[in-house]
Amino acid sequence: MKRWIGAAAAALMAFAVSPAQAADKVVLMLNWYVYGEHAPFYYGKAKGIYAAEGIDLEIQEGRGSAATTQAVAAKTADFGYVDVPTMMRAAIKGAPVIATGVLLQTSPMSAMGFADKNIRKPEDIKGRTVAITPADSMTQIWPLFLKKTGLKESDFQTVAGDGQTKLNAVINGQADLLLGYVMDQSMKIKDATGKDVFPIKFADYGINMVSSGIIANTDYVKANADLVRRFMSATTKAVEAAEKEPKAAAQSILDANPKGGKIDTLTQGFELTIPLYRTAETRSKRPFQVTDQNMTDSVNLMVEYGGLDAKAKENPKAFYTNDYLPKSGT
């Protein structure tokens with residue numbers, strides 16, 4: 001009897017500490033320092049959405065989509081949240097990475113300046129000064145915007161510098177506009193000055209291409225299919241929950257990182273991100289359900305204007321998969 005009790009106790013203890021019961025440690029590296037766009041990840045962690053899928057999530061800030069893509073390719077991060085076209089450039093050169101979900105299906109790229117300058121449409125850019133960062137994703141697509149809107153480079157002046165220099169140029173009045181993301185640079189300018197910014201969105205002038213999404217190492221995906229499914233399920237639910245409670249989602253950033261910004265601009269930045277989650281074709285679908293046509297169009301644009309190798313057009317599906325996304329209602 002004692003032996004039976006002892007054996008039963010040992011079995012129960014083994015069950016209690018079984019690795020199968022432990023949450024899987026997962027590292028998600030962001031594309032940049034935290035800002036409003038990242039709210040769903042922090043909200044999902046705070047609300048126990050990742051834990052419910054058996055995931056112990058660690059969120060790390062990044063230093064640009066290219067650097068995060070390199071980290072995922074090298075398996076120093078399990079998942080990355082990056083600009084998908086940037087990932088495409090790495091993948092076509094052999095980096096073992098793939099998008100397991102494309103969240104921003106409409107481009108956030110824009111030309112933006114202080115609202116009180118009354119620059120509301122492309123025609124208003126004439127005679128102005130535009131701050132750019134050479135070789136960044138927006139500057140590469142800028143010639144297409146000019147072509148679509150009938151502008152010429154001789155219609156305006158440009159000043160060039162890194163990301164912070166570009167912001168400073170607008171803040172200090174050395175430039176009237178900068179090329180930036182509608183939910184990122186606009187909020188940084190507002191944080192610094194308290195003044196509203198008006199964006200002229202590239203997407204409003206026929207430039208539709210995907211932007212941010214979740215990526216993983218291709219070998220990691222093959223070896224951890226169940227974990228990838230659980231991660232994408234949790235992230236889908238986190239996005240859906242955050243959409244319903246933008247301010248609470250933004251607050252979760254500050255709860256995790258008190259120096260992560262100001263609640264008003266984090267909230268506004270996230271609210272500006274939400275419309276980018278879906279296109280007309282995916283309006284009724286859950287987050288991340290990108291269409292094949294959207295990806296094909298994005299690849300074609302990147303080949304023509306974004307420096308992507310032309311062989312990418314042969315197989316756009318090599319860059320992404322929807323196979324690990326949750327089915328409707330699950």
Side-chain angles (χ1 to χ4, degrees), residues 32 35-37 83 85 104-212 262 264-265 267-280 297-298 301-302 304-307:
W32 197 243
Y35 57 97
E37 182 185 346
D83 176 61
L104 270 58
Q105 298 171 16
T106 300
S107 176
M109 294 181 183
S110 67
M112 63 182 73
F114 286 121
D116 60 14
K117 284 184 176 282
N118 207 31
I119 305 171
R120 306 274 165 163
K121 56 188 185 300
E123 183 75 13
D124 298 333
I125 296 173
K126 290 183 177 180
R128 304 285 189 163
T129 299
V130 182
I132 66 169
T133 296
D136 74 358
S137 57
M138 288 157 289
T139 302
Q140 289 178 330
I141 302 300
W142 181 234
L144 177 58
F145 176 82
L146 300 183
K147 182 178 179 181
K148 291 270 190 180
T149 57
L151 289 172
K152 302 186 294 291
E153 291 201 16
S154 58
D155 288 334
F156 53 86
Q157 302 292 318
T158 58
V159 293
D162 64 16
Q164 189 58 51
T165 302
K166 183 168 66 174
L167 284 168
N168 291 342
V170 169
I171 291 168
N172 297 330
Q174 296 166 307
D176 301 295
L177 305 118
L178 61 76
L179 303 187
Y181 280 8
V182 64
M183 68 301 197
D184 182 7
Q185 283 84 359
S186 61
M187 296 298 98
K188 288 177 178 156
I189 293 171
K190 188 170 182 177
D191 267 347
T193 66
K195 296 173 66 176
D196 287 329
V197 172
F198 186 88
I200 300 173
K201 301 173 188 174
F202 288 14
D204 288 346
Y205 296 89
I207 301 173
N208 280 312
M209 58 187 293
V210 299
S211 184
S212 305
K262 299 176 182 177
D264 288 345
T265 46
T267 303
Q268 188 179 351
F270 177 51
E271 289 173 337
L272 287 168
T273 304
I274 293 172
L276 306 176
Y277 288 163
R278 297 171 183 88
T279 62
D297 291 345
S298 297
L301 271 179
M302 287 301 297
E304 186 170 0
Y305 292 97

Going through the distances and angles, do T279 and N208 end up as a side-chain contact (heavy atoms from CB on, under 4.5 Å)?
CA-CA 9 Å; T279 62; N208 280 312; over 6 Å; no
side-chain contact (heavy atoms from CB on, under 4.5 Å) evaluation trace for K147 with Y305:
CA-CA 11 Å; K147 182 178 179 181; Y305 292 97; 3.3 Å; yes
How about T273 and P108: do any of their side-chain heavy atoms sit closer than 4.5 Å?
no
M209 versus L144: any side-chain heavy-atom pair under 4.5 Å?
no
Separation between CG (D136) and CG (D83), nearest 0.5 Å, reads 10.0 Å
Heavy-atom pair of closest approach, residues S211 and T106:
CB-O, 4.5 Å
Does a donor on one side chain sit under 3.5 Å from an acceptor on the other, for D162 and T165?
yes
Side chains of K190 and Q268: any donor to acceptor distance under 3.5 Å?
yes
Under-4.0 Å salt bridge between D124 and K121
yes
So which heavy atom on V210 is nearest to which on S298, and how close?
N-OG, 2.9 Å
Please lay out, stage by stage, how V170 and V197 fare under the test side-chain contact (heavy atoms from CB on, under 4.5 Å).
CA-CA 10 Å; V170 169; V197 172; over 6 Å; no
Taking only residues two or more places apart in sequence, or in another chain, which ones meet F114 in a ring-ring contact (aromatic ring centres under 6.0 Å, His included)?
none
When you look at CD of Q157, are more than 12 heavy atoms from neighbouring residues, nucleotides or ligands closer to it than 6.0 Å?
no
Drop me the distance from D264's CG to M187's CE, to the nearest 0.5 angstrom.
10.5 Å
Roughly how far, to the nearest 0.5 Å, is CD1 of I189 from CG of D184?
10.0 Å
Is there side-chain contact between L276 and E37, with heavy atoms separated by less than 4.5 Å?
no
Could you tell me if the side chain of T133 sits less than 4.5 Å from the side chain of L179, heavy atoms only?
no
Heavy-atom pair of closest approach, residues I125 and F156
O-CB, 3.8 Å
Just wondering, do K148 and I207 contact through their side chains at under 4.5 Å, heavy atoms?
yes
Quick one: sort the F202 and F145 rings into parallel, tilted or perpendicular, breaks at 30° and 60°.
parallel
Euclidean distance, L167 CG relative to T193 OG1, rounded to 0.5 Å:
10.5 Å
Over all heavy atoms of both residues, which pair between P134 and G161 is shortest? Give the atoms and the distance, please.
CD-O, 3.9 Å
Run the side-chain contact (heavy atoms from CB on, under 4.5 Å) test on T129 and V159 for me, step by step, so that the C-alpha distance in whole Å, both residues' side-chain angles and the decisive distance to 0.1 Å come before the verdict.
CA-CA 7 Å; T129 299; V159 293; 3.9 Å; yes
Taking all non-hydrogen atoms of both residues into account, name the closest pair between Q185 and L178 and its distance.
CB-CD1, 4.0 Å
Any chance you could measure I171, atom CD1, to Q164, atom CD, to the nearest 0.5 Å?
7.0 Å
Applying ring-ring contact (aromatic ring centres under 6.0 Å, His included) as the test, list every pair that has at least one member in residues 160-198; sequence neighbours left out.
none
Rounded to the nearest 0.5 angstrom, the OG1-NZ distance for T267 and K262 is 13.0 Å
Heavy-atom closest pair, residues K201 and S110
CA-CB, 3.9 Å
